[in-house]
Each structure stands twice: as C-alpha cells, then as structure tokens.
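Just so we're clear, the structure is a prediction, and the values are computed from it rather than from any experiment. The residues of the chain are indexed from 1 along the displayed sequence.
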Amino acid sequence: MIAKEINTSKGELMEFYKKGQTSISYEREGDGYPILLLAPGGMRSANNFWNNMPWNPREKLQDQFALIGMDQRNAGTSTAPITKDDNWDTYKEDQVSLLDHLQVEKCHLVGMCIGGPFIANLLKTYPERFQSAVMLQPVGIDQNRQAFYDMFDDWAEEIINQESGPTTETMTKFKHNMWDGEFLITVTEQEVSSIKNPLLILMGDDLYHPQSTSRKIAELAPNATLIEKWKSPEMLEDTNTAVIDFLNRHS
C-alpha cells in the first residue's frame, strides 16, 4: 500500500510503503540505473540528512541515476513498532522489502555513516541484487563503543514510554543488539573478505567513523577501492567524478 503526502517544510513529495504496522517513507528522484540511498544520521538516518553533507548524492547523481532515498524506521517520517528483538536485520528487511515493493531487482547502494553497516549486511545476504556499493565514512568499532551507546540513548529518550512502550528495558536490549558488535558491526572480517561486489570507500576520520574501519574494509574486500581524502572543498569535484565513474562502470 502506498500513501502520498507533501512534506511542506521542503515542498517535497514523500511516498510511504506500508507493511503491517511499519510505514517506510521514501523519495524517488532522477532517472537512470537505480540507486538505494542509505543516509547518515545514526539512529536518525533519514533522506534529508544528505542535504547537509559535503557530498550530496541527491544533488550530484540524479541527472544520471534513479535515486531511492529512504527514511529508516523511526527516523524522519518512517514509523514502526520497537521490540527487544529488533536488530540490524530488521532494518535490512525493510530495505529489501522497499526494493521488492518498487520492483527493483538490481541496483547500486550508496550509504554514509550508519549506511556502511547497512550496506555490508545487504551485500552479505543478497549479493546478487547489488551491482556495486559506495560507502562514505562508514561507522565502525575501534575504542569508541560508548559513543554509539550514548548516541543511541540520546535518540531513545525521545521514544521511551514506560506505560505504552517501548520501555527502557526494551530499548536497552535493542541498543545492545545494534551496537555490541565488532569492526563494521554487521559483518566479520572474514565475511568482508567474501564480498565480491565492487566497493568504493571514502575514508572516515573521526570518532564515529574511524580510519581503521575504512582501511580494513579496503584491505579485506577483493574488489574494493579506497579514497583517503575526499571531502575538503577543493577535492569535492574529483570526489564527484570518482563516484560517478565508479557507478557507471558497474551499471
């Protein structure tokens, strides 16, 4: 089932895909080979977060590609029940269900921040559905786990309702389901070494997006390319060219 609604703050047309009690909002922009966009923002990952990034695929890619930008569950305008069993696979099934609903059999993936683990989980499970993937500063665990716990708790404070749920107990279990992993969180180093899909990694360089995670992905994945410096103003044009060339090469 699809409902359409105007997001009056930006004048954009949002579409909603409903599955049971879950409602996933998404936007379609551009024309060409399809790309699923997995936005930055941690637990608040929503398509409009791209608009504040140094390189914005919504601006740079829609002339050549058909973009599908989704708000993850309970972020942006997407909603869903929360249970103590929710985890990365819960998000993965939302992402694949949306592609199924839109009858997209194959596409590229472009994801930033939390989009890195999202991409890895999709490639681990459904490698045949994705031509290639671009990871921009993927999150990863490297002596920074508490920062992710704190990020989750900040988001959870807005959602917890002890009387009608989800409760503090539910959210605590959910938090550990999401952020207790190692490395790229959704995959092991061995699983990354088995990903044959072409990868382009734009390196992270801060607390949430450590260099070590980007470098390790590039070292392990057999068809990975790493760009170390990419987001300073003088480099953004080269970054744009590199991403577009990579996607066109694998379309």
Exercise for review: Give a yes-or-no answer on whether the side chains of Asn121 and Tyr126 include a donor-acceptor pair shorter than 3.5 Å.
Suggested key: no

Would one find more than 12 heavy atoms of other residues, nucleotides or ligands at under 6.0 Å from atom [atom1] of [X]?
| X | atom1 | value |
| --- | --- | --- |
| Gln143 | CD | no |
| Glu105 | CD | no |
| Lys175 | NZ | yes |
| Lys106 | NZ | yes |
| Gln190 | CD | no |
| Glu234 | CD | yes |

Exercise for review: Taking all heavy atoms of Leu184 and all of Gly116, pick out the closest pair and write down the distance.
Suggested key: CD1-C, 4.2 Å

Practice item. Taking all heavy atoms of Ala75 and all of Ala46, pick out the closest pair and write down the distance. Key: C-CB, 4.5 Å

Checking the side chain of [X] only, and the main-chain atoms of [Y] only, is there a donor and an acceptor separated by less than 3.5 Å?
| X | Y | value |
| --- | --- | --- |
| Arg145 | Trp179 | yes |
| Ser251 | Leu247 | yes |
| Lys124 | Ile195 | no |
| Ser132 | His108 | no |
| Asn144 | Leu207 | yes |
| Ser78 | Asp71 | yes |
| Gln131 | His250 | yes |
| Thr186 | Pro117 | yes |

Student check: side-chain heavy atoms of [X] and [Y] closer than 4.5 Å:
| X | Y | value |
| --- | --- | --- |
| Met43 | Gln72 | no |
| Thr239 | Lys231 | no |
| Thr79 | Gln21 | no |

Following the transitive rule for hydrophobic clusters with a side-chain heavy-atom cut-off under 4.5 Å over Ile, Leu, Val, Met, Phe, Trp and Tyr, establish whether [X] and [Y] coincide in one cluster.
| X | Y | answer |
| --- | --- | --- |
| Leu109 | Trp50 | no |
| Trp55 | Phe49 | no |
| Tyr26 | Val96 | yes |
| Ile217 | Leu136 | no |
| Val192 | Ile114 | yes |

Return each pair, listed once, that meets salt bridge (Lys or Arg N to Asp or Glu O under 4.0 Å) where at least one residue sits in [range]; pairs must be two or more places apart or across chains.
| range | answer |
| --- | --- |
| residues 78-97 | Arg73-Asp94, Asp89-Lys92 |
| residues 216-226 | Lys216-Glu219 |
| residues 33-42 | none |

Can you name the side-chain contact (heavy atoms from CB on, under 4.5 Å) partners of [X], sequence neighbours left out?
| X | result |
| --- | --- |
| Glu237 | Asn240, Thr241 |
| Ser194 | none |
| Met171 | Ile82, Phe152, Trp155, Ala156, Ile159, Ile160, Pro166, Phe174 |
| Gln64 | Ile244, Asn248 |

Check your understanding: Who pairs with Asn56 by side-chain hydrogen bond (donor to acceptor under 3.5 Å, both in side chains), at least two apart in sequence or on another chain?
Key ->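 Asn56: side-chain hydrogen bond (donor to acceptor under 3.5 Å, both in side chains) contacts with Asn51.
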
Point to revise | Counterpart residues, side-chain hydrogen bond (donor to acceptor under 3.5 Å, both in side chains), relative to Glu169 (two or more places apart) | key: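 In terms of side-chain hydrogen bond (donor to acceptor under 3.5 Å, both in side chains), with neighbours along the sequence ignored, Glu169 is linked to no residue.
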
**Study point:** Distance (rounded to the nearest 0.5 Å) between Arg58 CZ and Ile35 CD1
**Key:**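 Arg58 atom CZ to Ile35 atom CD1 measures 13.5 Å (nearest 0.5 Å).
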
Exercise for review: If a pair satisfies ring pair (Phe, Tyr, Trp, His ring centres under 6.0 Å) and one of its residues is in residues 188-216, list it, with sequence neighbours excluded.
Suggested key: Phe148-Tyr208

Exercise for review: Can you sort out the partners of Trp230 under ring pair (Phe, Tyr, Trp, His ring centres under 6.0 Å), two or more places apart, ordered by chain and number?
Suggested key: none

Point to revise | Basic-acidic side-chain contact under 4.0 Å: Arg129, Asp100 | key: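 Here Arg129 pairs with Asp100 in a salt bridge, since their nearest N and O are under 4.0 Å apart.
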
Practice item. Apply salt bridge (Lys or Arg N to Asp or Glu O under 4.0 Å) to the pair Lys229 and Asp238, showing each step before the final yes or no. Key: CA-CA 10 Å; Lys229 299 184 183 298; Asp238 287 343; over 6 Å; no

Which atom pairs, one a donor and one an acceptor, fall under 3.5 Å between side chains of residues 197-205 and the rest of the protein, sequence neighbours left out?
{"residue": "Asn197", "atom": "ND2", "partner": "Pro127", "partner atom": "O", "Å": "2.9"}
{"residue": "Asn197", "atom": "ND2", "partner": "Phe130", "partner atom": "O", "Å": "2.8"}
{"residue": "Asp205", "atom": "OD1", "partner": "Gln211", "partner atom": "NE2", "Å": "3.0"}

